[in-house]
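Everything below concerns the one structure shown next.
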Protein chains: 2
Amino acid sequence: MSLKHAILGFLAVSPMSGYDLRKRMSESVAHFWPADQAQIYRTLSQLTEEKLIEVEVIEQDSRPNRRLHRILQTGETELDRWLAEPLAYQPDREPFLLRLFFVGRIGLDQSMRLLKERAAEAAELAEVLGAIRGQIEAEVPMEHLGLEQTLRLATLANGIKHAEAEIEWIDDLRQQLKERKWPT
Amino acid sequence: MSLKHAILGFLAVSPMSGYDLRKRMSESVAHFWPADQAQIYRTLSQLTEEKLIEVEVIEQDSRPNRRLHRILQTGETELDRWLAEPLAYQPDREPFLLRLFFVGRIGLDQSMRLLKERAAEAAELAEVLGAIRGQIEAEVPMEHLGLEQTLRLATLANGIKHAEAEIEWIDDLRQQLKERKWPT
DNA sequence: TTGACATATAGGATCTGTCCTATACAGTCA
DNA sequence: TGACTGTATAGGACAGATCCTATATGTCAA
């Protein structure tokens, strides 16, 4: 479970409510770590039970009370332990590749369509991530970024790089498919 | 649940036992769709209940009976429906990026180490996949491949492409980190 | 004024998948 | 002889995540 550590990581930057956390995550790590709202709250409860974080209840009249979560020393220790721990490589599930593996059975046209759609999605993703990166770079000049900011920005670059790789791979493949004629 | 469809896809090629299936999958789609043995058997039972596949029990003396699973018309229909269905893009979880996002807090050296290890893993993956591709290409000349074989080979190429992209991205990032001096 | 959106939390059901274990025997290698 | 690998299946416990729902109210725009 890495959501646990993601949360510790965010709370190490500043104390937050579950709501804040959700927003922050969807703005920064959502493209490689989508987080379910219910899961965030559940994990916060769990972390509190494990005494890795603590909660300060801030009374509010008009809304449910704000529960401000703050990381404890034990939590920081656990976070740092996790960061230094060896990371086992595990392949992730790619529904698209699974489909590509079998899509030949419904014909060349459908296969081409699948590839085209995928390329369009990758292009859109690259654009969205590129826009975010552009915005950040415009706001803060690269030379002023600290190590942490640089690495965070790098996760964006990673997404862009892979999106571009996907597009190139699709272009090659489509070219290859076009150049040949198969018996339908 | 795509394991269901992966299984239908394999059974559409030829009838198999759970054991065969497991072997086939680990030889072909494991790098983008790892499958747990227990899960395969459970899914086979489920597919049988749903009348998408049928089972023929082949008696064996020395071993548990072989349960040969065969796809039914309904199963092929479902498979083709799934293949043609629009594929929603969903980001997959990347534990490595999550770690990179936070690793700055334990220092430059540890961050570099994480990147180095990742690059080594990507290089190894590229090599393994490349070897498999090389072997296939040596056995069957490209010109003789049908559409389905070409697409299957393309899933390998996809893995290689992304591994290479990962390596390039890491090289860039490490260069960037080296050129700057941060206050530790 | 009606509906959408933001703030804020949380329970229930369910789904997928992982890990561990158990069973059973044949062949092979040291 | 004993340990390991291959063939073959399957149950139990559990983790992690998703989906849906419920609650409550303020603000802002159409």
Side-chain angles (χ1 to χ4, degrees), chain A residues 1-8 10-11 15-27 29-30 32-50 53 55-69 82 88-95 98, chain B residues 1-8 10-11 15-27 29-30 32-50 53 55-69 82 88-95 98:
Chain A
M1 215 231 314
S2 291
L3 178 58
K4 182 170 148 177
H5 296 104
I7 289 177
L8 288 175
F10 277 100
L11 294 185
M16 276 182 244
S17 70
Y19 191 84
D20 296 335
L21 206 44
R22 217 210 136 219
K23 261 179 64 185
R24 282 292 196 84
M25 291 188 73
S26 72
E27 284 161 6
V29 298
F32 58 85
W33 205 275
D36 183 75
Q37 172 262 112
Q39 192 63 14
I40 288 176
Y41 283 104
R42 260 188 266 272
T43 306
L44 282 170
S45 304
Q46 199 192 314
L47 287 168
T48 308
E49 256 180 60
E50 289 175 31
I53 63 175
V55 186
E56 182 190 340
V57 179
I58 295 169
E59 309 268 338
Q60 296 190 125
D61 301 332
S62 58
R63 279 180 274 256
N65 289 335
R66 224 173 115 76
R67 297 166 53 77
L68 194 70
H69 302 266
W82 174 73
Y89 174 79
Q90 302 193 60
D92 24 76
R93 294 195 159 68
E94 299 281 357
L98 186 61
Chain B
M1 214 229 317
S2 290
L3 178 58
K4 182 169 148 176
H5 296 104
I7 289 177
L8 287 176
F10 278 99
L11 294 184
M16 277 184 242
S17 70
Y19 191 84
D20 296 337
L21 206 44
R22 217 210 137 219
K23 261 179 65 186
R24 282 293 196 82
M25 291 188 72
S26 72
E27 284 160 6
V29 298
F32 59 86
W33 205 274
D36 183 77
Q37 173 262 114
Q39 192 62 14
I40 288 175
Y41 283 104
R42 261 188 264 271
T43 306
L44 282 170
S45 304
Q46 198 193 315
L47 286 167
T48 309
E49 258 180 57
E50 289 174 30
I53 62 175
V55 186
E56 181 189 342
V57 179
I58 295 168
E59 309 267 338
Q60 296 189 128
D61 300 333
S62 57
R63 279 181 274 256
N65 289 335
R66 224 173 113 78
R67 298 166 53 78
L68 195 70
H69 301 267
W82 173 74
Y89 173 80
Q90 301 193 61
D92 24 77
R93 294 196 158 68
E94 298 282 358
L98 186 61

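Sorted by residue number, the members of residues 33-42 of chain B with any non-hydrogen atom under 4.0 Å from DNA chain D read B:Gln37, B:Ala38, B:Tyr41, B:Arg42. In the region residues 15-27 of chain B, proximity to DNA chain C at under 4.0 angstrom, judged on heavy atoms, holds for none of the residues.
Atom CD of A:Gln90 is separated from atom C1' of D:dA15 by 13 Å (rounded to the nearest Å). Remark: P of D:dT23 and CG of A:Asn65 are 18 Å apart, rounded to the nearest angstrom. In this structure, the NZ atom of A:Lys4 is 12 Å from the P atom of D:dA17, given to the nearest Å. The nearest whole Å value for the distance from the CG atom in B:Leu47 to the P atom in D:dT9 is 15 Å. Here the P atom of nucleotide D:dA8 and the CZ atom of B:Arg66 are 5 Å apart, to the nearest Å.
Among all heavy-atom pairs drawn from A:Ile53 and A:Leu11, the shortest one is CG2-CD1, 3.7 Å.
Residues that satisfy the side-chain hydrogen bond (donor to acceptor under 3.5 Å, both in side chains) test with B:Gln37, not counting sequence neighbours, are absent from this structure. For B:His5, the side-chain hydrogen bond (donor to acceptor under 3.5 Å, both in side chains) partners at least two apart in sequence or on another chain are B:Glu78. By the side-chain contact (heavy atoms from CB on, under 4.5 Å) test, B:Ser2 is found to be paired with A:Leu98, B:Trp33, B:Trp82, residues two or more places apart in sequence or in another chain being considered. By the side-chain contact (heavy atoms from CB on, under 4.5 Å) test, A:Gln90 is found to be paired with no residue, residues two or more places apart in sequence or in another chain being considered. Under the rule for a side-chain contact (heavy atoms from CB on, under 4.5 Å), the partners of A:Gln39 that lie at least two apart in sequence or sit in another chain are A:Leu3, A:Asp36, A:Arg42, A:Thr43. Remark: A:Asp20 engages A:Ser17, A:Arg66 in a side-chain hydrogen bond (donor to acceptor under 3.5 Å, both in side chains) (not counting sequence neighbours). Remark: B:Ser45 pairs with no residue by the side-chain contact (heavy atoms from CB on, under 4.5 Å) rule, at least two apart or across chains. Residues passing the ring pair (Phe, Tyr, Trp, His ring centres under 6.0 Å) test with A:Tyr19: none are found, sequence neighbours excluded.
OP1 or OP2 of D:dT18 sits under 4.0 Å from a side-chain N or O of B:Arg93. When the side-chain nitrogen and oxygen atoms of A:Arg67 are compared with OP1 and OP2 of C:dT9, none of them lie within a distance under 4.0 Å.
An angle of 30°, rounded to 10°, separates the two end axes of the helix from C:dT1-D:dA30 to C:dA30-D:dT1, each defined over five pairs.
A salt bridge does not link A:Glu56 to A:Arg67: none of the charged nitrogens lies less than 4.0 Å from a carboxylate oxygen.
A side-chain donor-acceptor contact under 3.5 Å links A:Arg93 to the backbone of B:Pro34.
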